[in-house]
Trainee: 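One structure is given below, represented as structure tokens, and several questions about it will come after.
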Amino acid sequence: MAAMDKEIMEQYKGVYVFAQQVDNELSGIAFELLGKAKDLAADLNADVTAVLIGSGVKGLVDQLAEYGADKVIVVDDPELKDYRTEPYTHALASVINEYKPEIVLVGATAIGRDLGPRVSARVETGLTADCTVLEIGDFPLNPIPGKEQKHNQLLMTRPAFGGNTIATIACPDNRPQMATVRPGVMQKIAPVAGAKAEVIEYNPGFTPDNKYVEIMEIVKNVADTVDIMDAKILVSGGRGVGSPENFKILEDLAEAIGGTVSCSRAVVDSGWKPKDLQVGQTGKTVRPNVYFAIGISGAIQHVAGMEESDIIIAINKDEDAPIFDVADYGVVGDLNKIVPMLTAKIKDAIA
Ligand code: FAD
């Protein structure tokens with residue numbers, strides 16, 4: 001990828017967020033990205049713009065304003081009713097080419113993971129996937145003799161090499177600087193009731209070239225469990241639970257305290273629980289009020305998905321288990337004894 005001309009690069013201004021919606025309902029990630037975009041825009045003295053793509057979606061503009069958008073660019077077209085790679089790529093890439101944002105943030109959802117890289121290739125810039133930290137700073141981080149240190153760059157931090165190291169990546173020679181961020185990582189702001197955004201309607205036009213997949217039928221995945229990312233209390237089990245049947249003692253605890261069961265990857269890999277319930281780097285990032293880590297060793301890839309929980313309670317028979325390094329409360333002992341005792345005490349206290 002060739003470096004951009006400096007004068008052209010300077011035309012790129014503002015922090016843009018792809019405001020994902022499905023069935024005309026904004027996804028939580030849109031609000032989380034707006035929260036982060038506000039911080040970045042404050043450092044750059046720039047505006048926050050949400051890019052809202054869909055069909056009949058104008059009614060969602062005020063919600064985006066309440067969560068921090070100064071402007072909303074609406075691309076509204078019947079071709080954009082349901083997500084399809086080509087029309088959405090055409091829409092977002094066209095917005096970027098027309099309005100020249102300095103930064104574009106996209107959620108690392110199923111849609112965002114499909115859309116983000118295609119758009120970045122289309123507009124000939126880089127994209128850092130699955131970022132956990134985004135900030136404005138100098139790049140390279142420390143001056144290197146003979147190399148220009150650029151200021152006000154988007155520093156994009158993400159786990160690398162299977163989570164064994166953390167890499168900070170920048171895109172100093174091209175614009176926009178693009179990143180995807182997993183749901184649950186960034187924090188939304190408290191909504192400001194009645195806030196209004198400037199609305200810009202833009203439609204690049206759609207041709208057979210950019211709508212060549214036809215949707216015949218949409219089959220929705222109907223989940224009968226609470227999304228672990230929304231749960232206030234998570235009772236999470238690891239390989240130490242021993243068997244799928246033994247998860248019953250965690251389910252009893254969860255029921256007693258109004259929590260939801262989640263798990264480590266070892267549990268998913270063993271086929272004991274579905275992938276939907278996995279916490280961690282390759283699972284979901286959770287931030288509950290209380291996180292029970294039961295029979296979970298505390299591998300770095302697991303901790304990456306739950307360390308922001310308000311209170312972490314670990315139960316493990318190995319007093320040296322790394323989970324105790326991040327736990328607020330730790331119980332060393334056999335989970336088969338401790339968990340039922342805890343459940344009984346909680347039930348007594350509630351009765
Ligand atoms: P173990 O490490 O086997 O730990 C079991 C724990 O249970 C031990 O600490 C043991 O002392 C305790 N125990 C056993 N019996 C009892 C008992 N009776 N009472 C009390 N305690 C008991 N992992 C994730 O969880 N999420 C991810 O998203 C994830 N992504 C990964 C991505 C990559 C690229 C890689 C390489 C790995 C990833 N992993 C992930 C795997 C991770 O490295 C660990 O292997 C995994 O988290 C271990 O799961 P565990 O703690 O349940 O099992």
Side-chain angles (χ1 to χ4, degrees), residues 29 107-110 113 128-133 157-167 169 180-185 225 227-229 231 234-254 259-288 290-309 312-345:
I29 183 70
T109 57
R113 283 170 200 258
T128 306
D130 276 358
C131 297
T132 51
V133 178
T157 301
R158 55 153 298 155
F161 299 110
N164 291 315
T165 188
I166 297 289
I169 297 163
T180 63
V181 179
R182 289 167 44 149
V185 175
T225 51
D227 187 335
I228 60 169
M229 289 176 61
L234 281 176
V235 178
S236 208
R239 201 192 324 256
V241 175
S243 68
E245 295 74 31
N246 209 31
F247 261 85
K248 173 83 174 66
I249 58 173
L250 274 66
E251 276 146 24
D252 290 346
L253 173 60
T260 302
V261 169
S262 57
C263 64
S264 71
R265 175 161 156 178
V267 167
V268 175
D269 288 349
S270 305
W272 300 351
K273 288 284 172 200
K275 171 93 178 151
D276 246 19
L277 301 186
Q278 183 188 317
V279 172
Q281 188 189 315
T282 44
K284 291 183 176 169
T285 306
V286 296
R287 207 187 273 262
V290 184
Y291 187 87
F292 285 89
I294 302 175
I296 293 177
S297 59
I300 184 170
Q301 298 91 353
H302 185 82
V303 170
M306 46 64 79
E307 63 191 333
E308 298 292 333
S309 306
I312 299 171
I313 302 168
I315 302 172
N316 199 301
K317 67 177 182 184
D318 173 8
E319 64 178 29
D320 294 323
I323 194 69
F324 289 124
D325 297 341
V326 293
D328 298 286
Y329 300 95
V331 185
V332 178
D334 184 354
L335 64 89
N336 295 298
K337 289 188 187 148
I338 294 162
V339 177
M341 273 167 59
L342 191 60
T343 307
K345 283 272 179 207

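Starting from 1, each residue takes its place in the sequence as its number. Numbering of ligands and ligand atoms starts at 1, following listing order.
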Trainee: With respect to C263, which candidate in V279, L277, V235 satisfies the side chain to side chain contact (heavy atoms under 4.5 Å, CB included) definition?
Mentor: L277

Trainee: Could you tell me the residue and atom name of the protein heavy atom closest to atom 34 (C) of ligand 1, and the distance to it rounded to 0.1 Å?
Mentor: G162 CA, 3.7 Å

Trainee: Which of the atoms in ligand 1, numbered in the order shown and given with their element, are less than 4.0 Å from a heavy-atom of G238?
Mentor: 52 (O)

Trainee: For atom 19 (N) of ligand 1, what's the nearest protein heavy atom and its distance?
Mentor: L335 N, 2.9 Å

Trainee: With no hydrogens and no angle check, just 3.5 Å: does a side-chain donor-acceptor pair link T282 and R265?
Mentor: yes

Trainee: Do any side-chain atoms of residues 312-326 form donor-acceptor pairs under 3.5 angstrom with protein atoms, and if so which ones, sequence neighbours left out?
Mentor:
from : atom 1 : to   : atom 2 : distance (Å)
N316 : OD1    : D318 : N      : 2.9
N316 : ND2    : I296 : O      : 3.1
D318 : OD1    : D320 : N      : 2.8

Trainee: Counting neighbours of NZ on K337 that are heavy atoms of other residues, nucleotides or ligands and sit closer than 6.0 Å, is the number greater than 12?
Mentor: no

Trainee: List ligand 1 atoms under 4.0 Å from T282, heavy atoms only on the residue side.
Mentor: 27 (C), 28 (O), 29 (C), 30 (N), 31 (C), 32 (C)

Trainee: For atom 48 (C) of ligand 1, what is the closest protein heavy atom, and at what distance to 0.1 Å?
Mentor: A266 CB, 4.0 Å

Trainee: Of the choices M306, R239, E319, R265, which has the non-hydrogen atom that lies closest to atom 31 (C) of ligand 1?
Mentor: R265

Trainee: In terms of atom number and element, which parts of ligand 1 are under 4.0 angstrom from non-hydrogen atoms of D334?
Mentor: 17 (C), 18 (N), 19 (N)

Trainee: Could you measure the distance from the CG atom of L335 to the CG atom of L342? Nearest 0.5 Å is fine.
Mentor: 11.5 Å

Trainee: Using a 4.0 Å cutoff against the non-hydrogen atoms of N336, which atoms of ligand 1 qualify?
Mentor: 18 (N)

Trainee: Between S264 and G238, which heavy-atom pair has the shortest distance, and what is it?
Mentor: OG-CA, 3.5 Å

Trainee: Could you list the atoms of ligand 1 found under 4.0 angstrom from a heavy atom of G333?
Mentor: 19 (N), 20 (C)

Trainee: Quick check on contacts: which atoms of ligand 1 are under 4.0 angstrom from a heavy atom of G240?
Mentor: 5 (C), 7 (O), 13 (N), 14 (C), 15 (N), 16 (C)

Trainee: For I228 and S262, work out which heavy atoms get closest and say how close.
Mentor: CG2-CB, 3.9 Å

Trainee: Please indicate whether any nitrogen or oxygen in A299 is less than 3.5 Å from any nitrogen or oxygen in ligand 1.
Mentor: no

Trainee: Where do R113 and A108 come nearest, in terms of heavy atoms and distance?
Mentor: NE-O, 3.0 Å

Trainee: Which of the atoms in ligand 1, numbered in the order shown and given with their element, are less than 4.0 Å from a heavy-atom of V279?
Mentor: 24 (C), 25 (O), 26 (N), 27 (C), 28 (O)

Trainee: For the residue pair N246 and V241, what are the closest heavy atoms and their distance?
Mentor: ND2-O, 2.8 Å

Trainee: Give the residue and atom name of whichever protein heavy atom lies nearest to atom 22 (C) of ligand 1, and the separation in Å to one decimal.
Mentor: K317 CG, 3.7 Å

Trainee: Are any non-hydrogen protein atoms located under 4.0 Å from atom 3 (O) of ligand 1?
Mentor: yes

Trainee: Give, for atom CD of E308 and atom CZ of R287, the distance between the pair rounded to the nearest 0.5 Å.
Mentor: 5.0 Å

Trainee: Ignoring hydrogens and geometry, is there a side-chain-to-backbone donor-acceptor pair from R158 to A167 under 3.5 Å?
Mentor: no

Trainee: N/O to N/O below 3.5 Å, does that happen between G295 and ligand 1?
Mentor: yes

Trainee: Considering K337, Q301, Q278 one by one, which has a heavy atom nearer to atom 28 (O) of ligand 1 than any of the others?
Mentor: Q278

Trainee: My understanding is that we take every heavy atom of each candidate and find the minimum distance to atom 52 (O) of ligand 1. Doing that for S264, C263, S297, A293, which one comes out nearest?
Mentor: S264

Trainee: Among D318, N316, D320, which one has a heavy atom closest to atom 10 (C) of ligand 1?
Mentor: N316

Trainee: Between G283 and ligand 1, is there a nitrogen or oxygen pair with a distance under 3.5 Å?
Mentor: yes

Trainee: Please identify which atoms of ligand 1 are closer than 4.0 Å to at least one heavy atom of G280.
Mentor: 26 (N), 27 (C), 28 (O)

Trainee: Would you say ligand 1 has an N or O under 3.5 Å from any N or O of A321?
Mentor: no

Trainee: How close do A254 and T260 get, heavy atom to heavy atom, and via which atoms?
Mentor: CB-N, 4.2 Å

Trainee: Please report the closest heavy-atom contact between S236 and Y291, naming both atoms and the distance.
Mentor: OG-OH, 2.7 Å

